[in-house]
Amino acid sequence: MARMPVHPTPAAASDTYAGLRRDVTAWFDDAARDLPWRAADRTPWGVLVSEVMLQQTPVVRVEPRWRAWMERWPTPADLAAASTADVLRAWDRLGYPRRALRLQECARAVVERHGGVVPSSEAELLALPGVGTYTAAAVVAFAFGGRSVVVDTNVRRVLARTVAGTALPPPSPRAAELRLAASLVPDDATGAARWAAASMELGAVVCTARAPRCDVCPVRAACAWRLAGSPPDEHGARRRTQAWEGTDRQVRGRVMALLRGADGPVHQALVEEVWPDAAQRERCVASLVEDGLVEQDGEVYRLPA
DNA sequence: AAATCGGGGGC
DNA sequence: GCCCCAGATTT
């Protein structure tokens, strides 16, 4: 039961928040960023690719990679047929390269299960590699204009502030939070898709995590957090950033960067230079091989063919 | 529920 | 230096 769509509530008692939805969507109609995966000629596959790239990677870093990617592999069939080494190099430094691997697996699944056509049902999307609750709902809304409950970090923050009156949402969503999000979704598909885009956009552009721009916020007058005096985050103590220096993630990143930059196989002597601690380095290389991100062939390492 | 998984830019 | 970024998957 790890991956379940959030089902929209039928006819909700959401009239309470009708003003919120109206003001945010009206603002969005005027303020929406001109992002390439929102263009009129967008494809469902392009939307899906953007959503996977945007999992934990900011828009400004995704945009140029997405453009190059879609030009090179416009359809699921194109990506399915590509060399994995090329895919990992094109992923470049977007981070979490297992996402690139899953995206190619996703392309192959779309080809095999759906004849190369991205499915429009949330359940079928959810069954694809690398597609979780958020991404499935987002593709339903943004690629197909369907009704779904889209809850990402932006939406969570917007609802935490405007409705709950807190600076930030709790580290992980609770059932009540998801119920609230579901209750806010308009009944009609078009309205639902617009609300999804608008609420996310507000969090991304105005209702940001640090230094929110309340002065230009369309719902500042009704925002519970602001009306409460914009109190600081209550669970700040638990919010500890993941360490970076000296972690396996840093070591794995260095190994991947080395292999991405090489045209072909890399001798182990060069791999040994990226990290001095042999035990940690070997553990990380082994995990990369285990993940399918690296192949070992005797004394050389390379990206998968 | 908690841990793991990259990398960079704003402050 | 710290924090966050259109999360997913595994344990």
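Taking a pair as Watson-Crick or G-U wobble with both distances under 3.5 Å, DNA chain B forms stems of 3 or more consecutive pairs at B:1-5 with C:7-11, B:7-11 with C:1-5.
Annotation: C:dT11 and B:dG6 have their P atoms spaced 16 Å apart (nearest Å). Here, C:dA6 and B:dA3 have their P atoms 24 Å apart, quoted to the whole Å.
Through direct or indirect side-chain contacts shorter than 4.5 Å among Ile, Leu, Val, Met, Phe, Trp and Tyr, A:W244 is connected to no other residue. Under a 4.5 Å side-chain heavy-atom cut-off, the cluster of Ile, Leu, Val, Met, Phe, Trp and Tyr residues that includes A:W225 has no other member.
Judged by distance alone, the side chain of A:S199 and the main-chain N or O of A:A196 form a donor-acceptor pair under 3.5 Å. Judged by distance alone, with hydrogens and angles left aside, the side-chain atoms of A:E234 form no donor-acceptor pair with the main-chain N or O of A:T166 at under 3.5 Å.
The nearest whole Å value for the distance from the CZ atom in A:R157 to the P atom in C:dA6 is 7 Å. One can place CD of A:E177 at 13 Å from P of B:dA1, the figure rounded to the nearest angstrom. Taking atom CG of A:N154 as the reference point, atom C1' of C:dC3 lies 15 Å away to the nearest angstrom. Nucleotide C:dC5 holds its P atom 14 Å from the CZ atom of A:R99, rounded to whole Å. Rounding to whole angstrom units, CG of residue A:L178 and P of C:dG7 are separated by 14 Å.
For the ring-ring contact (aromatic ring centres under 6.0 Å, His included) condition, the pairs that include at least one residue of residues 22-45 of chain A, sequence neighbours left out, are A:W37-A:W66. The ring-ring contact (aromatic ring centres under 6.0 Å, His included) analysis of residues 72-105 of chain A, with sequence neighbours excluded, yields the pairs A:W69-A:W73, A:W69-A:W91.
Between C:dC5 and A:T153, a contact under 4.0 Å exists linking OP1 or OP2 to a side-chain N or O.
For C:dA6, the base has a donor-acceptor partner in the side chain of A:R33 [N/O atoms by modelled type, under 3.5 angstrom]. For A:T57 against B:dG6, a side-chain-to-base donor-acceptor contact under 3.5 Å is present.
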Using the 3.5 Å cut-off, write out each protein N or O paired with an N or O of nucleotides 9-11 of chain B and the distance between them.
{"unit_1": "B:dG10", "atom_1": "N2", "unit_2": "A:R210", "atom_2": "NH1", "d": "2.8"}

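More than 12 heavy atoms of other shown residues, nucleotides or ligands fall within 6.0 angstrom of atom CG in A:D188. The 12-atom threshold is exceeded at CG of A:D215, counting heavy atoms of other residues, nucleotides or ligands nearer than 6.0 Å.
In the set C:dC4, B:dC5, B:dG8, the nucleotide with an atom closest to the side chain of A:R98 is B:dC5. Taking every side-chain heavy atom of A:V59 into account, C:dA6 is the closest of B:dG6, C:dC5, C:dA6.
Interatomic distance, CG of A:L101 versus CG of A:L88, reported as 6.0 Å (0.5 Å rounding). Distance check, rounded to the nearest 0.5 Å: CZ of A:R93 to CZ of A:R65 gives 9.0 Å.
Side-chain contact between A:E63 and A:R33: absent, with no pair of heavy atoms (C-beta onward) separated by less than 4.5 Å. Two residues are said to be in side-chain contact when any heavy atoms from C-beta on lie closer than 4.5 Å; A:V49 and A:L79 fail this criterion. Contact check for A:T247 versus A:Q250: side-chain heavy atoms found under the 4.5 Å cut-off.
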Please list, one pair per line, the donor and acceptor atoms closer than 3.5 Å that link side chains of residues 274-285 of chain A to other protein atoms, with sequence neighbours excluded.
{"unit_1": "A:W275", "atom_1": "NE1", "unit_2": "A:Q280", "atom_2": "OE1", "d": "2.7"}
{"unit_1": "A:D277", "atom_1": "OD1", "unit_2": "A:A279", "atom_2": "N", "d": "3.1"}
{"unit_1": "A:D277", "atom_1": "OD1", "unit_2": "A:Q280", "atom_2": "N", "d": "3.2"}
{"unit_1": "A:Q280", "atom_1": "NE2", "unit_2": "A:G246", "atom_2": "O", "d": "2.9"}
{"unit_1": "A:Q280", "atom_1": "NE2", "unit_2": "A:D248", "atom_2": "OD1", "d": "2.9"}
{"unit_1": "A:R281", "atom_1": "NH1", "unit_2": "A:W275", "atom_2": "O", "d": "2.7"}
{"unit_1": "A:R283", "atom_1": "NE", "unit_2": "A:D248", "atom_2": "OD2", "d": "3.1"}
{"unit_1": "A:R283", "atom_1": "NH2", "unit_2": "A:D248", "atom_2": "OD1", "d": "2.7"}
{"unit_1": "A:R283", "atom_1": "NH2", "unit_2": "A:D248", "atom_2": "OD2", "d": "3.3"}

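Residue contacts shown for A:R38 include a base, since a base heavy atom lies under 4.0 Å away. Within 4.0 Å of A:R249, counting heavy atoms only, lies at least one base atom of the nucleic acid. At a threshold of 4.0 angstrom between heavy atoms, the contacts of A:W37 include nucleobase atoms, whether or not backbone atoms are also involved. Nucleic acid contact class of A:L35 (heavy atoms, under 4.0 Å, all strands): base.
Taking the side-chain contact (heavy atoms from CB on, under 4.5 Å) definition, one finds that A:P74 meets it with A:D78, sequence neighbours left out.
A heavy atom closer than 4.0 Å to some atom of DNA chain C occurs in A:Y134, A:T135, these being the qualifying members of residues 134-146 of chain A. The stretch residues 252-263 of chain A comes close to DNA chain B through A:R252, A:G253, A:R260, each having a heavy atom under 4.0 Å from the strand. Within a heavy-atom distance below 4.0 Å of DNA chain B, no residue of residues 103-111 of chain A is found. Residues of residues 48-55 of chain A having a heavy atom closer than 4.0 Å to DNA chain C, listed by number: A:E51, A:L54, A:Q55.
Considering all non-hydrogen atoms of both residues, A:S83 and A:P304 come closest at OG-O, 4.3 Å.
Nearest-nucleotide positions on DNA chain B place A:S172 closer to the 5' end than the other of A:S172 and A:Y96.
In the hydrophobic clustering of this structure, A:L103 does not group with A:L303; members are Ile, Leu, Val, Met, Phe, Trp, Tyr whose side-chain heavy atoms approach within less than 4.5 Å, directly or through other members. Criterion: ILVMFWY side-chain heavy atoms under 4.5 Å apart, direct or through other members. Under it, A:V111 and A:L48 are not part of a common hydrophobic cluster. Cluster annotation: A:V289 and A:V266 are assigned to the same hydrophobic cluster (Ile/Leu/Val/Met/Phe/Trp/Tyr, side-chain heavy-atom contacts under 4.5 Å, transitive).
Between the side chains of A:Y134 and A:Q55, no donor N or O sits under 3.5 Å from an acceptor N or O.
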